[in-house]
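Lettering follows sequence order; numbering is per chain, from 1. For clarity, every value in this text was computed on a predicted model and none was experimentally measured.
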Amino acid sequence: MKVEAVRGMTDILPEEAVLWQYVEAEIREAVAIYGYREIRTPIVERAELFARGVGETTDIVHKEMYVFPDKKGQMLALRPEATASVVRAYIEHGLYAKGGVAKLYYLGPMFRYEKPQKGRKRQFHQYGVEALGSLDPALDAEVIDLAWYIMERLGLRREGLFLRLNSIGCPEDRPRFREALREYFLPHREELCPDCKRRLEENPLRILDCKVPTCREVAAGAPRSLDHLCSGCREHFERLLGYLDALGLAHELDPKLVRGLDYYTRTVFELASRDLGAQDALLGGGRYDGLAEALGGPPTPGVGFAGGLERLILVLGEREPPDKCFRLITGPTVYLLPVGEGEVTEALRILAQLRRAGIPADMDYAGRSLRKRLQVASQLGARYALFFGEEERARGAAKVRDLGTGHEEYVPLGELVSYLRGRSRRR
RNA sequence: AGGAGCGUAGCUCAACGGCAGAGCACCGCGCUGUGGACGCGGUGGUUGCGGGUUCGAGUCCCGUCGCUCCUCCCA
(Lines give C-alpha, C1' and ligand atoms only; values in the text may rest on other atoms or scores of the structure.)
Protein backbone atom coordinates (compact mmCIF):
# COMPACT_ATOMS: atom_id res chain seq x y z
CA MET A 1 0.00 0.00 0.00
CA LYS A 2 1.26 3.39 -1.01
CA VAL A 3 1.67 5.88 1.81
CA GLU A 4 -0.19 9.03 0.99
CA ALA A 5 -0.54 12.46 2.55
CA VAL A 6 -3.02 12.77 5.39
CA ARG A 7 -6.46 13.95 4.38
CA GLY A 8 -6.72 17.70 4.05
CA MET A 9 -2.94 18.16 4.25
CA THR A 10 -1.60 19.02 0.85
CA ASP A 11 1.82 19.32 -0.69
CA ILE A 12 2.84 22.57 -2.28
CA LEU A 13 5.03 21.60 -5.21
CA PRO A 14 7.93 23.75 -6.47
CA GLU A 15 5.95 25.24 -9.32
CA GLU A 16 3.27 26.55 -7.00
CA ALA A 17 5.69 27.34 -4.20
CA VAL A 18 7.07 30.16 -6.32
CA LEU A 19 3.73 31.92 -6.07
CA TRP A 20 3.68 31.32 -2.32
CA GLN A 21 7.12 32.82 -1.91
CA TYR A 22 6.01 35.86 -3.84
CA VAL A 23 2.85 36.36 -1.78
CA GLU A 24 4.71 35.83 1.48
CA ALA A 25 7.41 38.29 0.47
CA GLU A 26 4.82 40.94 -0.36
CA ILE A 27 3.09 40.43 2.97
CA ARG A 28 6.33 40.63 4.93
CA GLU A 29 7.32 43.79 3.15
CA ALA A 30 3.92 45.40 3.60
CA VAL A 31 3.64 44.76 7.32
CA ALA A 32 7.25 45.84 7.86
CA ILE A 33 6.41 49.19 6.28
CA TYR A 34 3.63 49.54 8.85
CA GLY A 35 6.04 48.76 11.66
CA TYR A 36 5.11 45.18 12.47
CA ARG A 37 7.82 42.70 13.45
CA GLU A 38 7.64 38.96 13.10
CA ILE A 39 6.89 36.65 15.99
CA ARG A 40 7.14 32.87 15.65
CA THR A 41 5.21 30.85 18.16
CA PRO A 42 4.99 27.06 18.43
CA ILE A 43 2.49 25.14 16.37
CA VAL A 44 1.66 23.02 19.42
CA GLU A 45 0.16 24.67 22.51
CA ARG A 46 -1.68 23.50 25.59
CA ALA A 47 -5.26 22.82 24.54
CA GLU A 48 -6.35 25.00 27.43
CA LEU A 49 -4.94 28.09 25.73
CA PHE A 50 -7.51 27.92 22.98
CA ALA A 51 -10.35 26.81 25.21
CA ARG A 52 -9.79 29.91 27.33
CA GLY A 53 -8.73 32.26 24.58
CA VAL A 54 -10.87 31.41 21.60
CA GLY A 55 -13.77 30.08 23.63
CA GLU A 56 -15.05 26.68 24.65
CA THR A 57 -18.31 27.00 22.76
CA THR A 58 -16.87 28.08 19.42
CA ASP A 59 -16.93 25.62 16.53
CA ILE A 60 -13.20 26.08 16.15
CA VAL A 61 -12.46 24.73 19.59
CA HIS A 62 -15.13 22.20 20.32
CA LYS A 63 -15.54 20.69 16.86
CA GLU A 64 -12.48 21.45 14.79
CA MET A 65 -9.43 21.46 17.03
CA TYR A 66 -6.77 18.75 16.84
CA VAL A 67 -6.39 17.74 20.48
CA PHE A 68 -4.21 14.92 21.77
CA PRO A 69 -2.43 13.87 24.97
CA ASP A 70 1.36 13.79 25.01
CA LYS A 71 3.29 11.00 26.72
CA LYS A 72 2.66 12.50 30.11
CA GLY A 73 -1.04 12.85 29.47
CA GLN A 74 -0.94 16.60 29.07
CA MET A 75 -3.58 17.78 26.63
CA LEU A 76 -2.02 19.54 23.68
CA ALA A 77 -3.50 21.07 20.56
CA LEU A 78 -2.34 21.97 17.08
CA ARG A 79 -3.04 25.67 16.87
CA PRO A 80 -6.30 26.45 15.04
CA GLU A 81 -5.39 30.13 14.90
CA ALA A 82 -2.52 32.25 16.17
CA THR A 83 -3.91 35.23 18.07
CA ALA A 84 -4.15 33.31 21.34
CA SER A 85 -0.55 32.13 20.92
CA VAL A 86 0.74 35.60 20.16
CA VAL A 87 -0.99 37.07 23.20
CA ARG A 88 0.30 34.18 25.31
CA ALA A 89 3.85 34.91 24.17
CA TYR A 90 3.33 38.63 24.73
CA ILE A 91 2.39 37.94 28.34
CA GLU A 92 4.96 35.20 28.92
CA HIS A 93 7.88 37.35 27.79
CA GLY A 94 6.63 40.54 29.36
CA LEU A 95 6.55 42.45 26.09
CA TYR A 96 4.13 44.88 27.76
CA ALA A 97 7.04 46.08 29.91
CA LYS A 98 8.52 47.80 26.89
CA GLY A 99 5.64 50.23 26.93
CA GLY A 100 3.91 51.60 23.86
CA VAL A 101 2.18 49.38 21.38
CA ALA A 102 3.60 45.98 20.45
CA LYS A 103 3.11 45.45 16.73
CA LEU A 104 3.58 41.83 15.81
CA TYR A 105 2.94 39.70 12.75
CA TYR A 106 3.06 36.00 12.01
CA LEU A 107 2.80 33.68 9.06
CA GLY A 108 2.50 29.93 9.20
CA PRO A 109 0.42 26.76 9.25
CA MET A 110 -2.78 26.35 11.27
CA PHE A 111 -4.88 23.23 11.76
CA ARG A 112 -8.61 22.62 11.84
CA TYR A 113 -10.32 19.27 11.58
CA GLU A 114 -12.94 20.01 8.95
CA LYS A 115 -14.16 18.41 5.77
CA PRO A 116 -11.68 19.66 3.19
CA GLN A 117 -12.85 21.56 0.15
CA LYS A 118 -11.67 24.25 -2.18
CA GLY A 119 -9.77 26.94 -0.33
CA ARG A 120 -10.14 25.09 2.95
CA LYS A 121 -7.69 22.46 4.13
CA ARG A 122 -7.03 20.83 7.47
CA GLN A 123 -3.56 22.24 7.44
CA PHE A 124 -3.82 25.72 6.02
CA HIS A 125 -1.77 28.86 6.26
CA GLN A 126 -2.52 32.19 7.80
CA TYR A 127 -0.73 35.48 8.07
CA GLY A 128 -1.86 38.03 10.57
CA VAL A 129 -0.99 41.10 12.58
CA GLU A 130 -1.64 41.92 16.24
CA ALA A 131 -1.25 45.37 17.76
CA LEU A 132 -1.29 45.17 21.56
CA GLY A 133 -1.48 47.92 24.12
CA SER A 134 -3.80 50.63 22.87
CA LEU A 135 -7.51 51.39 22.89
CA ASP A 136 -7.16 54.14 20.32
CA PRO A 137 -9.62 53.67 17.43
CA ALA A 138 -6.90 55.13 15.21
CA LEU A 139 -5.12 51.82 15.70
CA ASP A 140 -8.19 49.94 14.47
CA ALA A 141 -8.08 52.18 11.44
CA GLU A 142 -4.39 51.50 10.87
CA VAL A 143 -4.93 47.76 11.02
CA ILE A 144 -7.77 47.96 8.51
CA ASP A 145 -5.68 50.23 6.31
CA LEU A 146 -2.89 47.69 6.41
CA ALA A 147 -5.29 44.98 5.32
CA TRP A 148 -6.25 47.05 2.29
CA TYR A 149 -2.62 47.87 1.60
CA ILE A 150 -1.65 44.20 1.44
CA MET A 151 -4.42 43.61 -1.08
CA GLU A 152 -3.24 46.57 -3.13
CA ARG A 153 0.33 45.31 -3.17
CA LEU A 154 -0.86 41.99 -4.46
CA GLY A 155 -2.67 43.78 -7.23
CA LEU A 156 -6.21 43.00 -6.15
CA ARG A 157 -8.59 45.64 -7.39
CA ARG A 158 -10.50 47.57 -4.75
CA GLU A 159 -13.72 47.09 -6.69
CA GLY A 160 -13.38 43.33 -6.37
CA LEU A 161 -13.22 43.56 -2.59
CA PHE A 162 -15.38 44.91 0.17
CA LEU A 163 -15.04 45.47 3.89
CA ARG A 164 -17.73 44.24 6.25
CA LEU A 165 -17.71 46.10 9.53
CA ASN A 166 -19.55 45.98 12.83
CA SER A 167 -19.11 46.66 16.52
CA ILE A 168 -20.24 44.08 19.02
CA GLY A 169 -19.52 46.18 22.10
CA CYS A 170 -17.57 45.59 25.26
CA PRO A 171 -18.04 42.96 27.99
CA GLU A 172 -20.39 45.35 29.79
CA ASP A 173 -22.64 45.68 26.74
CA ARG A 174 -22.55 42.04 25.88
CA PRO A 175 -24.85 40.63 28.60
CA ARG A 176 -27.49 43.26 27.81
CA PHE A 177 -27.27 42.55 24.10
CA ARG A 178 -27.31 38.81 24.73
CA GLU A 179 -30.47 39.18 26.78
CA ALA A 180 -32.06 41.30 24.09
CA LEU A 181 -31.28 38.61 21.53
CA ARG A 182 -32.55 35.84 23.77
CA GLU A 183 -35.75 37.73 24.37
CA TYR A 184 -36.18 38.24 20.65
CA PHE A 185 -35.39 34.68 19.59
CA LEU A 186 -37.18 32.78 22.35
CA PRO A 187 -40.66 33.16 20.82
CA HIS A 188 -39.19 31.93 17.50
CA ARG A 189 -37.41 29.01 19.08
CA GLU A 190 -39.20 26.36 17.05
CA GLU A 191 -38.30 28.01 13.76
CA LEU A 192 -34.57 27.77 14.45
CA CYS A 193 -32.23 25.01 13.30
CA PRO A 194 -30.94 22.56 15.95
CA ASP A 195 -27.58 24.33 16.06
CA CYS A 196 -29.25 27.63 16.77
CA LYS A 197 -31.44 26.13 19.50
CA ARG A 198 -28.22 25.23 21.23
CA ARG A 199 -26.74 28.64 20.47
CA LEU A 200 -29.78 30.26 22.04
CA GLU A 201 -28.58 28.88 25.36
CA GLU A 202 -24.83 29.08 24.88
CA ASN A 203 -24.21 32.11 22.71
CA PRO A 204 -27.16 33.77 21.00
CA LEU A 205 -24.79 36.08 19.10
CA ARG A 206 -23.83 33.23 16.84
CA ILE A 207 -27.42 32.81 15.65
CA LEU A 208 -26.91 36.01 13.70
CA ASP A 209 -24.43 34.48 11.30
CA CYS A 210 -26.26 31.19 10.82
CA LYS A 211 -26.80 30.59 7.11
CA VAL A 212 -29.89 28.36 7.38
CA PRO A 213 -32.64 30.23 5.49
CA THR A 214 -35.28 29.96 8.23
CA CYS A 215 -32.79 31.22 10.81
CA ARG A 216 -31.83 34.07 8.54
CA GLU A 217 -35.44 35.09 8.19
CA VAL A 218 -35.89 35.20 11.91
CA ALA A 219 -32.53 36.91 12.40
CA ALA A 220 -33.40 39.65 9.93
CA GLY A 221 -35.54 41.38 12.53
CA ALA A 222 -33.19 40.74 15.44
CA PRO A 223 -31.86 43.56 17.61
CA ARG A 224 -28.59 45.08 16.42
CA SER A 225 -25.47 45.20 18.50
CA LEU A 226 -24.90 48.76 17.33
CA ASP A 227 -28.09 49.78 19.14
CA HIS A 228 -26.82 48.30 22.40
CA LEU A 229 -23.43 49.95 22.66
CA CYS A 230 -22.45 51.91 25.75
CA SER A 231 -21.36 55.48 25.17
CA GLY A 232 -17.68 54.53 25.21
CA CYS A 233 -18.11 51.84 22.58
CA ARG A 234 -20.31 54.06 20.45
CA GLU A 235 -17.76 56.81 20.51
CA HIS A 236 -14.97 54.36 19.65
CA PHE A 237 -16.90 53.09 16.67
CA GLU A 238 -17.87 56.53 15.43
CA ARG A 239 -14.31 57.73 15.60
CA LEU A 240 -13.18 54.64 13.69
CA LEU A 241 -15.74 55.36 10.97
CA GLY A 242 -14.42 58.91 10.78
CA TYR A 243 -10.85 57.70 10.34
CA LEU A 244 -11.86 55.20 7.67
CA ASP A 245 -13.64 57.95 5.76
CA ALA A 246 -10.57 60.16 6.07
CA LEU A 247 -8.45 57.32 4.66
CA GLY A 248 -10.92 56.79 1.84
CA LEU A 249 -11.57 53.18 2.86
CA ALA A 250 -15.00 51.99 1.81
CA HIS A 251 -16.93 49.80 4.22
CA GLU A 252 -20.34 48.23 4.58
CA LEU A 253 -21.94 48.09 8.01
CA ASP A 254 -23.07 44.53 8.64
CA PRO A 255 -25.08 44.11 11.84
CA LYS A 256 -24.99 40.34 11.42
CA LEU A 257 -21.21 40.16 11.45
CA VAL A 258 -20.24 38.66 14.82
CA ARG A 259 -17.26 36.40 13.91
CA GLY A 260 -16.66 32.92 15.20
CA LEU A 261 -14.32 33.60 18.09
CA ASP A 262 -15.36 34.59 21.56
CA TYR A 263 -12.53 37.00 22.31
CA TYR A 264 -13.70 39.79 20.04
CA THR A 265 -14.89 43.08 21.51
CA ARG A 266 -16.00 46.27 19.85
CA THR A 267 -14.66 46.37 16.28
CA VAL A 268 -15.07 43.30 14.07
CA PHE A 269 -14.44 43.21 10.33
CA GLU A 270 -13.92 41.02 7.30
CA LEU A 271 -12.36 41.85 3.98
CA ALA A 272 -14.05 39.71 1.35
CA SER A 273 -13.74 39.04 -2.34
CA ARG A 274 -16.66 39.48 -4.71
CA ASP A 275 -15.20 36.79 -6.96
CA LEU A 276 -15.29 34.00 -4.39
CA GLY A 277 -18.43 32.02 -3.62
CA ALA A 278 -19.66 31.09 -0.19
CA GLN A 279 -16.20 31.26 1.35
CA ASP A 280 -15.52 34.82 0.34
CA ALA A 281 -13.64 36.14 3.37
CA LEU A 282 -9.99 36.84 2.55
CA LEU A 283 -9.19 38.03 6.03
CA GLY A 284 -10.99 38.78 9.24
CA GLY A 285 -10.25 40.39 12.52
CA GLY A 286 -11.15 42.88 15.13
CA ARG A 287 -10.50 44.09 18.61
CA TYR A 288 -9.95 41.76 21.59
CA ASP A 289 -9.58 43.94 24.64
CA GLY A 290 -10.23 41.18 27.17
CA LEU A 291 -8.04 38.41 25.77
CA ALA A 292 -4.78 39.16 27.56
CA GLU A 293 -6.52 39.28 30.91
CA ALA A 294 -8.42 36.07 30.18
CA LEU A 295 -5.08 34.35 29.60
CA GLY A 296 -3.78 35.51 32.96
CA GLY A 297 -1.87 38.58 31.84
CA PRO A 298 -2.24 42.25 32.63
CA PRO A 299 -5.34 43.83 31.08
CA THR A 300 -4.16 44.77 27.60
CA PRO A 301 -6.30 45.84 24.68
CA GLY A 302 -5.47 44.53 21.25
CA VAL A 303 -6.57 44.62 17.64
CA GLY A 304 -5.57 42.57 14.63
CA PHE A 305 -6.60 40.38 11.76
CA ALA A 306 -5.73 37.07 10.15
CA GLY A 307 -5.89 36.14 6.50
CA GLY A 308 -5.71 32.84 4.65
CA LEU A 309 -2.86 32.26 2.22
CA GLU A 310 -4.67 29.50 0.32
CA ARG A 311 -7.61 31.70 -0.43
CA LEU A 312 -5.39 34.59 -1.42
CA ILE A 313 -3.47 32.39 -3.81
CA LEU A 314 -6.76 31.08 -5.17
CA VAL A 315 -7.85 34.60 -6.03
CA LEU A 316 -4.44 35.53 -7.41
CA GLY A 317 -4.20 32.33 -9.42
CA GLU A 318 -6.96 33.52 -11.69
CA ARG A 319 -4.80 36.41 -12.83
CA GLU A 320 -1.55 36.46 -14.73
CA PRO A 321 1.35 35.90 -12.36
CA PRO A 322 3.27 39.16 -11.92
CA ASP A 323 6.85 39.49 -13.14
CA LYS A 324 8.00 39.52 -9.54
CA CYS A 325 7.10 35.84 -9.39
CA PHE A 326 9.59 34.90 -12.02
CA ARG A 327 12.41 36.71 -10.33
CA LEU A 328 12.26 34.01 -7.69
CA ILE A 329 12.79 31.20 -10.14
CA THR A 330 16.43 30.28 -10.22
CA GLY A 331 17.70 28.05 -12.98
CA PRO A 332 21.35 27.44 -13.69
CA THR A 333 23.20 30.07 -15.72
CA VAL A 334 25.78 27.48 -16.68
CA TYR A 335 25.19 23.83 -17.49
CA LEU A 336 28.20 21.59 -17.38
CA LEU A 337 28.66 18.71 -19.80
CA PRO A 338 31.55 16.41 -18.96
CA VAL A 339 32.29 14.31 -22.04
CA GLY A 340 33.46 10.86 -21.07
CA GLU A 341 33.25 9.33 -17.63
CA GLY A 342 36.78 10.18 -16.63
CA GLU A 343 35.97 13.87 -16.60
CA VAL A 344 33.44 13.85 -13.79
CA THR A 345 36.01 14.69 -11.14
CA GLU A 346 37.13 17.83 -12.95
CA ALA A 347 33.51 18.72 -13.68
CA LEU A 348 32.71 18.61 -9.98
CA ARG A 349 35.68 20.88 -9.30
CA ILE A 350 34.55 23.39 -11.92
CA LEU A 351 30.98 23.30 -10.59
CA ALA A 352 32.12 23.98 -7.03
CA GLN A 353 34.30 26.84 -8.23
CA LEU A 354 31.52 28.50 -10.25
CA ARG A 355 28.98 28.11 -7.46
CA ARG A 356 31.29 29.62 -4.87
CA ALA A 357 31.70 32.55 -7.23
CA GLY A 358 27.92 32.97 -7.08
CA ILE A 359 27.23 31.65 -10.56
CA PRO A 360 24.28 29.21 -10.58
CA ALA A 361 25.63 26.08 -12.24
CA ASP A 362 24.46 22.50 -12.60
CA MET A 363 24.96 19.28 -14.51
CA ASP A 364 23.24 16.01 -15.24
CA TYR A 365 23.42 13.14 -12.80
CA ALA A 366 20.86 10.94 -14.50
CA GLY A 367 23.22 9.42 -17.05
CA ARG A 368 21.60 11.03 -20.03
CA SER A 369 23.07 11.25 -23.50
CA LEU A 370 25.10 14.31 -24.42
CA ARG A 371 22.43 15.41 -26.83
CA LYS A 372 19.79 15.09 -24.15
CA ARG A 373 21.89 16.99 -21.64
CA LEU A 374 22.30 19.86 -24.04
CA GLN A 375 18.57 19.87 -24.62
CA VAL A 376 17.97 19.95 -20.88
CA ALA A 377 20.42 22.84 -20.55
CA SER A 378 18.36 25.04 -22.84
CA GLN A 379 15.09 23.87 -21.29
CA LEU A 380 16.38 24.98 -17.91
CA GLY A 381 17.14 28.39 -19.38
CA ALA A 382 20.92 28.13 -18.98
CA ARG A 383 22.89 30.76 -20.85
CA TYR A 384 26.00 28.68 -21.35
CA ALA A 385 26.82 25.05 -21.91
CA LEU A 386 30.27 24.16 -20.78
CA PHE A 387 31.95 21.14 -22.35
CA PHE A 388 34.81 19.37 -20.69
CA GLY A 389 36.35 16.31 -22.30
CA GLU A 390 39.56 14.91 -23.66
CA GLU A 391 40.19 17.83 -25.99
CA GLU A 392 39.57 20.38 -23.23
CA ARG A 393 41.71 18.53 -20.73
CA ALA A 394 44.63 18.69 -23.14
CA ARG A 395 44.17 22.45 -23.48
CA GLY A 396 43.56 23.08 -19.78
CA ALA A 397 40.39 24.85 -20.83
CA ALA A 398 36.65 24.37 -21.09
CA LYS A 399 34.66 24.92 -24.24
CA VAL A 400 31.98 27.49 -23.53
CA ARG A 401 28.96 27.52 -25.80
CA ASP A 402 26.62 30.48 -25.77
CA LEU A 403 23.21 28.85 -25.96
CA GLY A 404 21.66 31.94 -27.43
CA THR A 405 24.02 32.54 -30.33
CA GLY A 406 25.71 29.16 -30.68
CA HIS A 407 29.10 30.83 -30.45
CA GLU A 408 31.79 28.62 -28.91
CA GLU A 409 35.24 29.34 -27.54
CA TYR A 410 37.84 27.73 -25.32
CA VAL A 411 38.32 29.43 -21.99
CA PRO A 412 41.25 28.48 -19.73
CA LEU A 413 39.95 26.95 -16.49
CA GLY A 414 41.55 29.69 -14.42
CA GLU A 415 39.65 32.39 -16.29
CA LEU A 416 36.24 30.75 -16.30
CA VAL A 417 34.76 32.74 -13.45
CA SER A 418 35.83 36.14 -14.72
CA TYR A 419 34.83 35.21 -18.27
CA LEU A 420 31.32 34.09 -17.29
CA ARG A 421 30.86 36.96 -14.88
CA GLY A 422 31.86 39.57 -17.43
CA ARG A 423 29.53 38.05 -19.96
CA SER A 424 26.59 37.84 -17.62
CA ARG A 425 26.95 41.46 -16.64
CA ARG A 426 27.18 42.76 -20.16
CA ARG A 427 23.99 41.00 -21.08
C1' A B 1 -21.41 16.17 10.16
C1' G B 2 -25.18 15.84 5.76
C1' G B 3 -26.00 15.73 0.16
C1' A B 4 -24.09 15.03 -5.05
C1' G B 5 -20.28 13.67 -8.53
C1' C B 6 -15.57 11.44 -9.73
C1' G B 7 -11.10 7.82 -8.96
C1' U B 8 -7.78 4.05 -15.63
C1' A B 9 0.23 5.44 -17.33
C1' G B 10 3.88 11.08 -14.19
C1' C B 11 -0.34 14.62 -16.44
C1' U B 12 -5.11 15.20 -19.47
C1' C B 13 -8.48 11.67 -20.85
C1' A B 14 -10.61 7.15 -24.10
C1' A B 15 -12.25 1.88 -23.99
C1' C B 16 -21.01 -1.68 -25.64
C1' G B 17 -19.95 -6.55 -19.60
C1' G B 18 -15.35 -9.39 -24.15
C1' C B 19 -7.17 -8.63 -25.99
C1' A B 20 -6.35 -1.85 -21.16
C1' G B 21 -5.47 2.56 -25.31
C1' A B 22 -4.29 7.82 -27.19
C1' G B 23 -2.05 12.69 -26.63
C1' C B 24 1.48 15.18 -23.70
C1' A B 25 5.71 14.10 -20.62
C1' C B 26 9.93 10.72 -20.00
C1' C B 27 14.19 7.68 -22.26
C1' G B 28 16.93 6.13 -26.63
C1' C B 29 18.22 6.44 -31.83
C1' G B 30 18.69 9.19 -36.58
C1' C B 31 23.96 12.70 -35.00
C1' U B 32 29.84 6.87 -31.01
C1' G B 33 31.58 15.11 -28.64
C1' U B 34 26.73 19.58 -29.64
C1' G B 35 20.19 22.18 -27.83
C1' G B 36 14.91 24.21 -29.01
C1' A B 37 12.30 21.69 -34.94
C1' C B 38 11.41 16.99 -37.22
C1' G B 39 11.22 11.63 -37.85
C1' C B 40 11.54 6.59 -35.82
C1' G B 41 11.41 3.46 -31.69
C1' G B 42 10.93 2.37 -26.42
C1' U B 43 9.86 2.37 -20.92
C1' G B 44 5.72 3.00 -18.19
C1' G B 45 -0.66 -0.09 -15.32
C1' U B 46 -2.37 -5.01 -9.27
C1' U B 47 -7.88 0.31 -13.76
C1' G B 48 -7.54 3.77 -5.53
C1' C B 49 -8.29 -0.52 -2.07
C1' G B 50 -11.45 -4.96 -0.39
C1' G B 51 -15.43 -8.02 -1.28
C1' G B 52 -19.67 -9.73 -4.47
C1' U B 53 -22.56 -10.93 -9.25
C1' U B 54 -20.83 -13.27 -13.97
C1' C B 55 -18.12 -18.15 -18.40
C1' G B 56 -15.80 -13.22 -18.27
C1' A B 57 -15.72 -6.80 -14.43
C1' G B 58 -12.06 -0.69 -15.85
C1' U B 59 -17.43 -1.18 -16.86
C1' C B 60 -22.74 -3.87 -12.69
C1' C B 61 -23.63 -4.27 -6.93
C1' C B 62 -21.85 -3.49 -1.67
C1' G B 63 -18.17 -1.59 1.48
C1' U B 64 -13.89 1.42 2.20
C1' C B 65 -10.22 5.31 1.28
C1' G B 66 -9.27 9.75 -1.39
C1' C B 67 -10.51 14.06 -4.39
C1' U B 68 -14.06 17.81 -6.25
C1' C B 69 -18.59 20.60 -5.56
C1' C B 70 -22.77 22.08 -2.39
C1' U B 71 -24.80 22.74 2.72
C1' C B 72 -22.47 24.17 7.30
C1' C B 73 -18.39 26.77 9.33
C1' C B 74 -14.83 29.91 8.50
C1' A B 75 -9.23 32.19 6.60
Side-chain angles (χ1 to χ4, degrees), chain A residues 1-10 13 15 54 58-65 80-83 107-128 147 164 193-196 199 206 209-213 215-216 257-261 269-273 276-285 304-315 335 337-341 343 364 366-393 399-408:
Chain A
M1 248 302 244
K2 211 175 5 175
V3 179
E4 291 175 339
V6 173
R7 179 167 203 204
M9 317 250 172
T10 53
L13 301 178
E15 227 173 286
V54 177
T58 59
D59 284 359
I60 289 178
V61 169
H62 97 269
K63 291 210 310 226
E64 300 168 359
M65 198 157 71
E81 61 105 52
T83 301
L107 196 160
M110 310 290 160
F111 303 83
R112 290 182 201 173
Y113 194 91
E114 294 182 275
K115 196 155 173 174
Q117 56 183 261
K118 191 170 193 166
R120 192 174 65 190
K121 305 286 176 212
R122 287 183 174 179
Q123 174 174 336
F124 60 108
H125 298 77
Q126 282 190 336
Y127 62 95
R164 278 194 283 260
C193 70
D195 267 342
C196 284
R199 288 170 181 148
R206 310 278 338 278
D209 70 352
C210 183
K211 302 296 189 298
V212 176
C215 296
R216 297 191 75 136
L257 179 65
V258 295
R259 314 261 318 134
L261 296 78
F269 63 91
E270 282 178 8
L271 194 55
S273 166
L276 246 37
Q279 296 142 40
D280 64 348
L282 287 173
L283 60 87
F305 68 77
L309 269 308
E310 276 81 359
R311 218 161 276 180
L312 208 47
I313 280 161
L314 213 59
V315 177
Y335 204 77
L337 294 93
V339 184
E341 285 178 28
E343 315 300 348
D364 175 70
R368 292 192 270 215
S369 67
L370 188 73
R371 182 171 44 174
K372 185 65 198 176
R373 283 184 276 162
L374 204 48
Q375 189 184 324
V376 167
S378 44
Q379 272 172 5
L380 291 173
R383 248 175 354 238
Y384 302 100
L386 205 145
F387 297 90
F388 190 85
E390 208 178 327
E391 170 76 19
E392 289 77 11
R393 170 177 296 282
K399 185 154 68 179
V400 178
R401 179 184 177 88
D402 185 313
L403 288 170
T405 65
H407 172 79
E408 289 186 349

Once you apply a heavy-atom cut-off of 4.0 Å, does [X] come out as touching a base, just sugar-phosphate, or nothing?
X	result
A:Gly381	nothing
A:Lys399	base
A:Gln375	sugar-phosphate
A:Leu283	sugar-phosphate
A:Arg371	base
A:Arg259	sugar-phosphate
A:Leu261	sugar-phosphate
A:Glu392	base
A:Gly406	base

Is the closest basic N to carboxylate O distance between A:Lys121 and A:Glu310 below 4.0 Å?
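No salt bridge links A:Lys121 with A:Glu310.
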
The side chain of [X] lies closest to which of these nucleotides: [options]?
X	options	result
A:Ser378	B:G36, B:C72, B:C27	B:G36
A:Pro116	B:C67, B:G33, B:G28	B:C67
A:Gln379	B:G35, B:C26, B:A75	B:C26
A:Glu64	B:C73, B:C67, B:C74	B:C73
A:Leu370	B:C73, B:U34, B:C69	B:U34
A:Arg120	B:G36, B:C74, B:U68	B:C74
A:Glu391	B:G33, B:G36, B:C74	B:G33

Grab the [atom1]-[atom2] distance between [X] and [N] for me, whole Å please.
X	N	atom1	atom2	answer
A:Asp59	B:C74	CG	P	6 Å
A:Leu380	B:G35	CG	C1'	12 Å
A:Lys115	B:A4	NZ	P	10 Å
A:Met9	B:G66	CE	C1'	14 Å
A:Leu374	B:G36	CG	C1'	10 Å

Heavy-atom donor-acceptor pair, A:Glu81 side chain to A:Thr83 backbone, under 3.5 Å
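Looks like yes, one N/O pair under 3.5 Å.
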
Watson-Crick or G-U wobble partner of [N], both distances under 3.5 Å:
N	answer
B:G23	B:C11
B:U59	none
B:A4	B:U68
B:A37	none
B:U46	none

Can you confirm whether A:Glu408 is buried at CD, in the sense that more than 12 heavy atoms of other residues, nucleotides or ligands lie under 6.0 Å from that atom?
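Counting other residues, nucleotides and ligands, CD of A:Glu408 exceeds 12 neighbours.
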
Quote, to the nearest angstrom, the [atom1] distance that separates [N] from [M].
N	M	atom1	result
B:C6	B:C16	P	16 Å
B:A15	B:G48	P	15 Å
B:C70	B:C11	P	24 Å

Nearest 0.5 angstrom please: A:Leu380 CG to A:Arg373 CZ, how far?
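CZ of A:Arg373 is found 13.5 Å from CG of A:Leu380.
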
From A:Arg259 CZ over to A:Thr58 OG1, what is the distance, rounded to the nearest 0.5 angstrom?
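The distance works out to 12.0 Å.
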
Answer yes or no as to whether B:G33 has its base stacked against A:Phe387, where stacking requires a ring-centre separation under 5.5 angstrom and planes under 30 degrees apart.
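No; centroid distance or tilt outside limits.
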
